[in-house]
Amino acid sequence: IMIDIESVKKRDAVGIILAYDIEGSSLNNLLALLDEINKDLVGLKIHNEILGFSDGENELLYNMCEAYGIFLWEDRKFNDIGATFQKQAKRYEKIRDVISVSPMSGSDILKAETNLDMFVLLEMSSRNNLFTREVSQKILDIVTFEKLSGNDTIKGIICQNTEFINTSLPVLTIKPGINLSATGDALGQTYSNLKGALPDMIVVGRGITLSPDPATEIQ
């Protein structure tokens, strides 16, 4: 599924991306959850090294997400020289729609040839991370140059703060770390709620997956 920026921005509500990283979970468990809540989602975000799905399972998941009308995002946060990244990306081109990229290695990583859409990491929701405002702004400057140069592969920026959420760039803004009941975990995650500037899409994981009633919680 190719991401249509304009159609997402025209939605009446913020788009919800489900983050699913449950170790030991079977594909059937994930598909059962998606069957229950897919109509309330715009995307699914996973880390395959956590889920450990086989090639066949990844292909089935990709096909099911397409049938549900949601995009499938491998949140790998790629960060390497352009040539290496281009080889890495090819491994996902038939089983994912989107990958995340952290261009700390420089702007060339965003020039790689791939049919995958990219979400570019500007900020993180973890405590004591090194994405200072200056670093985030430099990354946004790179994204701005790439978009003005006609780079249609970049579809969104992953951010936290209002100044980046309110960007005028033709990209989607994605805010992870959303939880309506918890404030964090023991390993540095800091959750936020839906107060303040709203992005185009939010990423919700444990707030939904640990709920006894995911369908009600997502509402």
*Asks:* Could you tell me if the side chain of Val120 sits less than 4.5 Å from the side chain of Pro103, heavy atoms only?
*Replies:* yes

*Asks:* Shared ILVMFWY cluster between Leu194 and Val204, side chains joined below 4.5 angstrom?
*Replies:* yes

*Asks:* Is any side-chain heavy atom of Ile99 closer than 4.5 Å to one of Trp73?
*Replies:* no

*Asks:* Hey, could you give me the CD1/CD1 distance between Ile70 and Ile16, rounded to the nearest 0.5 Å?
*Replies:* 12.0 Å

*Asks:* Are Val101 and Ile154 side-chain neighbours, meaning at least one heavy-atom pair lies under 4.5 Å?
*Replies:* no

*Asks:* At what distance, to the nearest 0.5 angstrom, does CG of Asp117 lie from CG of Leu172?
*Replies:* 9.5 Å

*Asks:* If Ile, Leu, Val, Met, Phe, Trp and Tyr residues are connected whenever their side-chain heavy atoms lie under 4.5 Å apart, and connections chain through other members, are Ile109 and Val143 in the same group?
*Replies:* yes

*Asks:* Check side chain to side chain contact (heavy atoms under 4.5 Å, CB included) between Ile95 and all other residues, then give those that pass, not counting sequence neighbours.
*Replies:* Asn58, Tyr92

*Asks:* Only counting residues at least two apart or in another chain, list the ones meeting salt bridge (Lys or Arg N to Asp or Glu O under 4.0 Å) with Glu57.
*Replies:* none

*Asks:* Under a 4.5 Å side-chain heavy-atom rule over Ile, Leu, Val, Met, Phe, Trp and Tyr, are Leu33 and Ile46 clustered together?
*Replies:* yes

*Asks:* When you compare the side chain of Phe119 with that of Lys155, does any pair of heavy atoms fall below 4.5 Å?
*Replies:* yes

*Asks:* My understanding is that only residues two or more places apart in sequence, or in another chain, count here; which of them pass side chain to side chain contact (heavy atoms under 4.5 Å, CB included) with Phe131?
*Replies:* Ser102, Met104, Leu121, Met124, Asn129, Val135, Ser136, Ile139

*Asks:* Where is the tightest heavy-atom contact between Pro176 and Ile174, given as atom of each residue plus distance?
*Replies:* CD-O, 3.6 Å

*Asks:* Run the salt bridge (Lys or Arg N to Asp or Glu O under 4.0 Å) test against Arg133 and tell me which residues pass, sequence neighbours left out.
*Replies:* Glu163

*Asks:* Please assess Asn161 against Leu122 for the test side-chain contact (heavy atoms from CB on, under 4.5 Å), listing each intermediate value before the final yes or no.
*Replies:* CA-CA 10 Å; Asn161 292 317; Leu122 262 67; over 6 Å; no

*Asks:* Can you find a heavy atom in the side chain of Ser100 that is under 4.5 Å from one in the side chain of Ile158?
*Replies:* yes

*Asks:* Identify, with sequence neighbours excluded, every residue that meets salt bridge (Lys or Arg N to Asp or Glu O under 4.0 Å) alongside Lys111.
*Replies:* Glu146

*Asks:* How long is the straight-line distance from CD1 of Ile165 back to CG of Asp200, given to the nearest 0.5 Å?
*Replies:* 9.5 Å

*Asks:* Heavy-atom count around Lys147 NZ within 6.0 Å, excluding the residue itself: above 12?
*Replies:* yes

*Asks:* So do the side chains of Ile208 and Ile37 get within less than 4.5 Å of each other, counting heavy atoms only?
*Replies:* yes

*Asks:* How long is the span from the CE atom in Met118 to the CG atom in Asp152, to the nearest 0.5 Å?
*Replies:* 12.0 Å

*Asks:* Measure across Leu51 and Ile22 and return the closest heavy-atom pair with its distance rounded to 0.1 Å.
*Replies:* CD2-O, 3.5 Å

*Asks:* Side chain of Thr84, backbone of Asp80: donor and acceptor closer than 3.5 Å?
*Replies:* no

*Asks:* For a quick test of reading the model, state the closest non-hydrogen atom pair linking Ser125 to Gln189 and the distance between them.
*Replies:* OG-OE1, 2.8 Å

*Asks:* Please name the pair of heavy atoms, one in Glu66 and one in Ile1, separated by the smallest distance, quoted to 0.1 Å.
*Replies:* CA-CD1, 3.7 Å

*Asks:* Going by the rule side-chain hydrogen bond (donor to acceptor under 3.5 Å, both in side chains), which residues pair with Ser105 if we only count those two or more places apart in sequence or in a different chain?
*Replies:* Asn79

*Asks:* In chain order, what residues pass the side-chain hydrogen bond (donor to acceptor under 3.5 Å, both in side chains) check against Thr144, with sequence neighbours excluded?
*Replies:* none

*Asks:* Does anything in residues 26-50 pair up under salt bridge (Lys or Arg N to Asp or Glu O under 4.0 Å), and if so which pairs, sequence neighbours excluded?
*Replies:* Lys45-Asp75

*Asks:* Could you state the interatomic distance from CG (Leu72) to CZ (Arg96), rounded to the nearest 0.5 Å?
*Replies:* 4.5 Å

*Asks:* May I have the step-by-step check of side-chain contact (heavy atoms from CB on, under 4.5 Å) for Arg76 and Arg91, ending in yes or no?
*Replies:* CA-CA 12 Å; Arg76 183 68 174 73; Arg91 296 179 59 87; over 6 Å; no

*Asks:* Between Tyr62 and Asp97, does a side-chain contact (heavy atoms from CB on, under 4.5 Å) hold up when you go through it step by step?
*Replies:* CA-CA 8 Å; Tyr62 179 74; Asp97 299 302; 3.3 Å; yes

*Asks:* With sequence neighbours excluded, what pairs up with Asn179 under the side chain to side chain contact (heavy atoms under 4.5 Å, CB included) test?
*Replies:* Ser181, Ala182, Tyr191

*Asks:* When hydrophobic residues are tied together by side-chain contacts of less than 4.5 Å, even through go-betweens, does Phe53 share a cluster with Ile50?
*Replies:* no

*Asks:* Mind checking salt bridge (Lys or Arg N to Asp or Glu O under 4.0 Å) for Lys87 and listing every partner two or more places apart, or none if nothing turns up?
*Replies:* none

*Asks:* Nearest 0.5 Å please: distance from the CG atom of Leu18 over to the CG atom of Leu30.
*Replies:* 7.5 Å

*Asks:* Scan side-chain atoms only and decide if Gln86 and Thr114 contain a donor-acceptor pair under the 3.5 Å cut-off.
*Replies:* no

*Asks:* Is there a side-chain contact between Val8 and Val42, using heavy atoms and a 4.5 Å cut-off?
*Replies:* no

*Asks:* Same cluster for Ile178 and Leu210 if Ile/Leu/Val/Met/Phe/Trp/Tyr side chains link at under 4.5 Å?
*Replies:* no

*Asks:* Do we see a donor-acceptor contact under 3.5 Å between the side chains of Glu59 and Asn63?
*Replies:* no

*Asks:* Among side-chain atoms of Asn48 and Glu74, is any donor-acceptor pair under 3.5 angstrom?
*Replies:* no

*Asks:* Please give me the minimum heavy-atom distance between Leu116 and Thr153, naming the atom from each residue.
*Replies:* O-CG2, 3.1 Å

*Asks:* Let's go through Tyr20 and Asn29 carefully: what are the C-alpha distance in whole Å and the side-chain angles of both, what is the deciding distance for side-chain contact (heavy atoms from CB on, under 4.5 Å) to 0.1 Å, and is it a yes or a no?
*Replies:* CA-CA 11 Å; Tyr20 191 90; Asn29 289 339; 4.0 Å; yes

*Asks:* Could you report the tightest heavy-atom contact between Val14 and Arg11, atom names first, then the distance?
*Replies:* O-NH2, 4.3 Å

*Asks:* Side-chain contact test, heavy atoms from C-beta onward, threshold under 4.5 Å: evaluate it for Ile17 versus Phe71 and give yes or no.
*Replies:* yes

*Asks:* Within the supplied structure, the quantity of interest is the number of heavy atoms (other residues, nucleotides, ligands) at a distance under 6.0 Å from Leu130 CG; does it exceed 12?
*Replies:* no

*Asks:* Applying ring-ring contact (aromatic ring centres under 6.0 Å, His included) as the test, list every pair that has at least one member in residues 161-182; sequence neighbours left out.
*Replies:* none

*Asks:* What salt bridge (Lys or Arg N to Asp or Glu O under 4.0 Å) pairs are there with at least one residue in residues 204-216, not counting sequence neighbours?
*Replies:* Asp185-Arg206

